[in-house]
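One structure is given below, represented as C-alpha cells, and several questions about it will come after.
Below, each value reflects all heavy atoms present in this structure, side chains not excepted, and no hydrogens, waters or symmetry copies. So you know, we letter chains A, B, ... as the sequences are listed, proteins then strands, and number each from 1.
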Amino acid sequence: MAKPMHPTPNLDQLETGPWPSFVTGIKRLAKDSDMAVDLLGQLEHSYETRMGHWKGGTLGVVGYGGGIIPRFSEIKNPDGSYKFPDAGEFHTLRIMPAAGMHYDTGTLRKLCDIWVKHGSGLIALHGQSGDIMFQGASSENVQKAFDEFNELGFDLGGAGPALRTSASCVGHARCEMSCYDEAKAHHQVINKFLDDLHRPALPYKFKFKFSGCPNDCTNSIQRSDFATIGTWRDNIRTDEGMAKKWFAKNGINTLVNTVTGMCPTRAMQIKATKDVAKGEHITSVALDGSQSLEIDNKNCVRCMHCINVMTGALQIGKDRGVTILMGGKSVLKIGATMGSVVIPFMPLNTDEDYEAYLDLAQRVMDFFAENALEHERTGEMIERIGLANFLEGIEVEIDPNMINRPRMNPYTNMVGWDEEVAKAEARKAAAA
Amino acid sequence: MAQPQVRKPVEGFLDNKKFLHPKFAANYGNWKYHDRPRPGVLHHVSNTGDEVWSVKAGTQRQMDHYTIRKLCDIVDKFGEGFMRFTMRSNVEIAVSSAAKVDPLIAELEKNGFPVGGTGNSVSMVAHTQGWLHCDIPGTDASGVVKSMMDNLIDEYRHERMPNRVKLSTSCCEINCGGQADIAVVVQYTKPPKINHDLVSAICERPTVVARCPVAAIRPTIINGKPSLEIDEKKCVCCGACYPPCPPMQINDREANKIAIWVGGKNSNARSKPTFHKLVAAGLPNNAPRWPEVNAVVGKILKTYQEDGRPWERMADWIDRIGWPSFFEKTDLPFTKYMIDDWRGGRVNLNASAHVRF
Ligand code: SF4
Ligand code: SF4
C-alpha cells in the first residue's frame, strides 16, 4: 500500500473517453508506489500551472557518458525540500530495443520486473528516436537498473552530442516491399560506432535510420543525418494471376484514377496487349484478355505507389540495394531540412557490400567529427560548405541524381571547368 | 554513488533474431504480398505460401507495467508469444492461423486496446514527453494525444480516410514529434523572460548567443553581474535559447499557444516527401482536454475525408485543390503569418499566373 493520493481533478478528466488512458495506468502504479503517487501530484501541478516543472542535471552509469536523462523536480517547499519527495528524482533510462522493436512476452515481463524493482514501473514504448524509455528511477537506482537490463542483453541508447539510437522498419521480417536486410545494417552500424553512442564527443547528435523501401516508414529522410533506403535497379516484377484478379475486382476506372494516373513520372500506360512495347526496361502484365499494363522502368523513380496499390500483382525488382540520403533534421536552427541523395545506388547484399557501406559510414562520421561546428548538424554543415565539398571530403563522386535541377545563378568561379569535364568523361568511361 | 563492486557493462546492440515470431524468421526477406482482411489486420503471404496475420492495436504509449503484462497475457493466450511495436506505439501481434484472429481481436478490445490503425485509417499520434518528463515542455503531449484519440478512435478503428493519416504532437517548437499529415505543435508568442540573477551561474553565455537563429541575444552586465539581453524586435520566439539557459524562460501560462501544421509526408509514394505547413495558430493551451485544438483537427480531418480522393495523402489532396480552397473548405483564417519570410522562404510564394478563382 502506498501513501494517500493527491487530488488530481485535471488528470481525472483524462480518464474519461475510450482511448487507453496513461493517467489510469499511473494510478494503477500509485496503489503500491509512492513514486507514482508523487508523480501524479507533480503532473497535476503542471496541469494547474500549465508549466513544466522538471530540470535536468548530470547523471550516468559507470563507463558511459550518456543514455540517462536526469530529472529533478523543481516544485519545492519553502525550506527547499521537494514538495513531491518520492518523485523528486525521476530519471529516465534510454534502452535500445532490438531492431524492429520485436519482443517475446518472456523478455517484456523481465523488463517489467526489473523496472518495478528499481524504478516506477512506468515504461514508454517507445521514445521518438526508438528507445525504450524507462521513466522514473531515483539517482541511487539508475546503476542497479542498468546493470540488470544489461545482464539481459540490452544496452543504453544515445543522448547528447553523440550517435543516437537508431530505428529500422519491420522490413525483411514481415514486409514484401523490403529491399535489404534493415536489421542487419542497423545492427552493424550501431555496433561499429558504439563508442560514439555511449561517450558523446561529436559536434552534435548524429542519427542513422533504416527503411526497407521508399515508403520510408522510419521517416529517415526527414529525421536522420544518414538515411539508408532500400531500392532496386532492374524492372518491377509482376504476377499475372494477381494482376487479373485485381483488375477484375477494381476495374478500369480505379486502375486509371488510382494507379496509372498517380504515377509521378507517367511511367505507366494501359495498352492493348498486342501493342505492348518490347525491350530490356519494359515491364508488362496482362489485365484481362485484351488489355495490359506497361511500365517503362527507365522512367520509374521507385516511388512505390503502384506497388502499394496493386500489392502482389506488382512487386519490387530483384537487383536490390540502397539509396542513401544525408542531412535530414528537425527545426533547430536553420529550419527543418531533408536529407538529399549522396549515394543514388549501392548494393547491400554480400559481405563486401556491407564492408563498403560501413566504410562510407565511417568516412561520413569522421568528416562530421572534424568539420562540423559545435551544435551543427550534418545538414547544416552541408549547407554551409556546399554538397560538392562534402562529397570530396567523403570521397564520393558527383551524380546528377543528387540534384533536382542544376544551379540557377552564375555566382561561382568556374576556372576549373576543363578539369571537371575531363573527370566527367572519365566517370562515363569507367561506367561503360 | 559508491558502488561496492563496479560491474563492467557489456556494450553492444542485441540481435533481434530471437525476438522474431517464427513465421517472420522462417520467411525473412521472402514475403510476396499482403492484404487487409479487415481494419486492424494485416495478412502477409510469403513466396513459399506461408501466411501470417498481424493484429494491430493502440496503446497509451506511457504504459504502466500492468498494462504491458496484460498485453503479454493476451499474447500468450490468444497469440503466439511474440509482438512488436510500431513507431507510433501500436502493438502488432502475429498469429499463424486465420482462426486465431477474431478471438484475439475480441480479447484486445475487451481489455481496452482498440484494434485498427491499418491502411487508410487515422493512426496513433507520434508524440513527446511533455509535462510528464521533459525539462523544457510547453504542454503535455500525452494529454493532448489522449484527448485527440478519444475523438478519433472511430477513425482509428475504420479505414475510411482517402489514405493513411499520421498525426504528431510536440510540446515545443523543436518538434520532436516529427513531421505529420497533421501536427500539433506548441507555438511561443512572447520572447523569453530572463532571470538575470541566475544567468551567470548556470549559462555558458557564448553558447547561448550562438544558439539564437536570428542573433537577437547579446552579452550584457545587469546589476554588476554578467547576463544576457534580447533584442525583442528581432526575437522570433523559438525558444532555442531556453534549453542551454533555463533562466531564459520561454514558457508562459497564457502566451504558450498551439499551432497546427498539415501536409507533412515522409513517404516517397507519388510526390516527393514534404514538410508540414502552418494552417492555424493562436489556439489556447487548454489543458486538460484541449477542446479548441480538437475542433480544428476534427474539422481538417472531416474536410479531407469528404474531399480527398482515394490514395491522396493530405499533402496530395491540398496539392490538387490548392491552398485557397483548403482555407475556404476548412474555414480556417489565412493570416500574414502563413507567408514564409524565413531564409529561402520566397520559394514558397506563387511565382506564376496560376491562380484559382
Ligand atoms: S513505382 Fe515507378 S511506375 Fe510505380 S507509380 Fe512509382 S514511379 Fe510510377
Ligand atoms: S527565443 Fe529564439 S529568437 Fe528569441 S532570443 Fe531565444 S533563441 Fe533567439
Between A/Q135 and B/Q129, is a side chain to side chain donor-acceptor pair (under 3.5 Å) present by the stated rule, with each step listed?
-> CA-CA 10 Å; A/Q135 301 167 123; B/Q129 296 294 80; 2.4 Å; yes
In plain terms, say whether A/D104 and B/K18 are close enough for a salt bridge, that is, a side-chain N and a carboxylate O under 4.0 Å apart.
-> no
Using 30° and 60° as the class limits, which term best fits the ring planes of B/W131 and A/Y47: parallel, tilted or perpendicular?
->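 It falls in the perpendicular class, over 60°.
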From the list B/N30, B/L71, B/D73, the residue making the most non-hydrogen contacts under 4.5 Å with chain A is B/D73
Leading residue by heavy atom contact count with chain B [cutoff under 4.5 Å; candidates A/D239, A/D12, A/T49, A/N150] =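 Of A/D239, A/D12, A/T49, A/N150, A/N150 has the most heavy-atom pairs under 4.5 Å with chain B.
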In terms of heavy-atom contacts, B/A269 and A/N215 come closest through CB-OD1, 4.0 Å
Grab the two heavy atoms, one from A/M101 and one from B/T86, that are nearest each other, plus how far apart they are.
->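 Result for this residue pair: SD-O, 4.1 Å.
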Measure distances from B/R61 to the heavy atoms of chain A and classify the residue's part below 4.5 Å as side chain, backbone, both or neither.
->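 Both backbone and side chain.
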Heavy-atom proximity to chain A below 4.5 Å, by part of B/C238 |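 Contact with chain A is absent: no heavy atom of B/C238 under 4.5 Å.
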Which heavy-atom pair separates B/G58 from A/P20 by the least distance, and what is that distance?
->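 Here B/G58 and A/P20 meet closest at O-CG, 4.0 Å.
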Listed by chain and number, what are the side-chain contact (heavy atoms from CB on, under 4.5 Å) partners of A/P9, not counting sequence neighbours?
->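 Listed in chain order: A/P7, A/E44.
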In terms of heavy-atom proximity below 4.5 Å to chain A, should B/P246 be classed as side chain, backbone, both, or neither?
-> neither
Check ion pair B/D15-A/K184 (N to O, under 4.0 angstrom) = no
Contact check, side chains of B/F19 and A/L108, non-hydrogen atoms, under 4.5 Å |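 Contact flag for B/F19/A/L108 side chains = no.
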Give a yes or no on whether the ring-centroid distance for A/H102 and B/F85 is below 6.0 angstrom.
->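 Not close enough - the centres of the two rings lie 6.0 Å or further apart.
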Given a strict heavy-atom distance threshold of 4.5 Å, which part of A/C217 is in contact with chain B: side chain, backbone, both, or neither?
-> backbone
Is a side-chain N or O of A/R223 found less than 3.5 angstrom from the main chain of B/C176, in a donor-acceptor match?
-> yes
Candidate pair A/T105 and B/D76, rule side chain to side chain donor-acceptor pair (under 3.5 Å), full reasoning = CA-CA 7 Å; A/T105 52; B/D76 279 343; 2.8 Å; yes
Toward chain A, the part of B/N286 with a non-hydrogen atom under 4.5 Å = both
Which bit of B/E312 comes within less than 4.5 Å of chain A, counting heavy atoms only: side chain, backbone, both or neither?
-> both
A/T311 side chain vs B/Y33 backbone, donor-acceptor pair below 3.5 Å | no
A/N404-B/K272 side chain donor-acceptor pair, cut-off 3.5 Å = yes
Could you point out which residue of A/D216, A/L325, A/I221 forms a side-chain contact (heavy atoms from CB on, under 4.5 Å) with B/P273?
-> A/I221
Minimum side-chain heavy-atom gap B/S267-A/M304 below 4.5 Å = no
Determine, step by step, whether A/F90 and B/H133 satisfy the side-chain contact (heavy atoms from CB on, under 4.5 Å) criterion, reporting the C-alpha distance in whole Å, the side-chain angles of both residues, the deciding distance to 0.1 Å, and the verdict.
-> CA-CA 8 Å; A/F90 195 79; B/H133 205 258; 3.3 Å; yes
Which atom pair, heavy atoms only, marks the closest approach of B/K32 to A/Q315?
->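 Nearest heavy atoms, B/K32 then A/Q315: CE-NE2, 3.4 Å.
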Determine the interplanar angle of the A/H186 and B/F13 rings, folded into 0 to 90°, and report it as parallel if under 30°, tilted if 30 to 60°, perpendicular if over 60°.
->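 Because their plane-to-plane angle lies in the 30° to 60° range, the rings of A/H186 and B/F13 count as tilted.
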Are the side chain of B/D64 and the backbone of A/I26 linked by a donor-acceptor contact shorter than 3.5 Å?
-> no
Flag side-chain contact, heavy atom, 4.5 Å: A/D113 against B/R69 = yes
Determine whether A/H375 and B/T207 make a side-chain contact, defined as any pair of heavy atoms from C-beta on separated by less than 4.5 Å.
->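 SC-SC contact between A/H375 and B/T207 ruled out.
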Would you indicate whether the side-chain heavy atoms of B/L132 and A/W54 approach each other to under 4.5 Å?
-> no
For the side chain of A/R50 and the backbone of B/A287, is there at least one donor-acceptor N/O pair under 3.5 Å apart?
-> yes
Grab the two heavy atoms, one from A/A336 and one from B/F275, that are nearest each other, plus how far apart they are.
-> O-CE1, 3.4 Å
What option among B/A240, B/S89, B/G12 has the most heavy-atom pairs under 4.5 Å with chain A?
->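 Most pairs with chain A among the choices: B/G12.
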So B/Y28 and A/H172, would you call those rings parallel, tilted or perpendicular, with 30° and 60° as cut-offs?
->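 Perpendicular: the ring planes of B/Y28 and A/H172 meet at over 60°.
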Expected output: side-chain B/R289 to main-chain A/Q13 donor-acceptor under 3.5 Å =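 Yes; judged by distance alone, with no hydrogens or angles, the pair exists.
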Using non-hydrogen atoms and a 4.5 Å limit, figure out which bit of B/A210 sits close to chain A: side chain, backbone, both or neither.
-> backbone
Heavy-atom proximity to chain A below 4.5 Å, by part of B/L42 = side chain
Taking the side chain from B/D135 and the backbone from A/K55, do they hold a donor-acceptor pair closer than 3.5 Å?
->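 Not a single qualifying donor-acceptor pair exists.
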A/E151 and B/R7 ion-paired at < 4.0 Å |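 A salt bridge links A/E151 with B/R7.
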For B/V10, is it the side chain, the backbone, both, or neither that has a heavy atom closer than 4.5 Å to a heavy atom of chain A?
-> both
Could you look at B/D316 and say if it's the side chain, the backbone, both or neither that has a heavy atom under 4.5 Å from chain A?
-> neither
With sequence neighbours left out, write down each residue that passes side-chain contact (heavy atoms from CB on, under 4.5 Å) with B/S46, or none if nothing qualifies.
->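 B/S46 satisfies side-chain contact (heavy atoms from CB on, under 4.5 Å) with B/N27, B/W31, B/T48, B/D50 once adjacent residues are dropped.
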Ring centres of A/H305 and B/W311 under 6.0 Å apart?
-> yes
Taking all heavy atoms of A/Q222 and all of B/K265, pick out the closest pair and write down the distance.
->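 The pair with the smallest heavy-atom distance is NE2-O, 3.1 Å.
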Who wins among A/A99, A/G52, A/A98, A/A173 for the most heavy-atom pairs under 4.5 Å with chain B?
->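 Ranked by contacts with chain B, first place is A/A173.
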Could you check if a side-chain atom of A/P18 sits within less than 4.5 angstrom of a side-chain atom of B/D150, using non-hydrogen atoms only?
-> yes
For B/H127, does its backbone N or O pair with a side-chain atom of A/Q128 as donor and acceptor, under 3.5 Å?
->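 Here the side-chain-to-backbone pair exists.
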Name of the residue among B/H21, B/E92, B/H34 meeting side chain to side chain donor-acceptor pair (under 3.5 Å) with A/R174 = B/E92
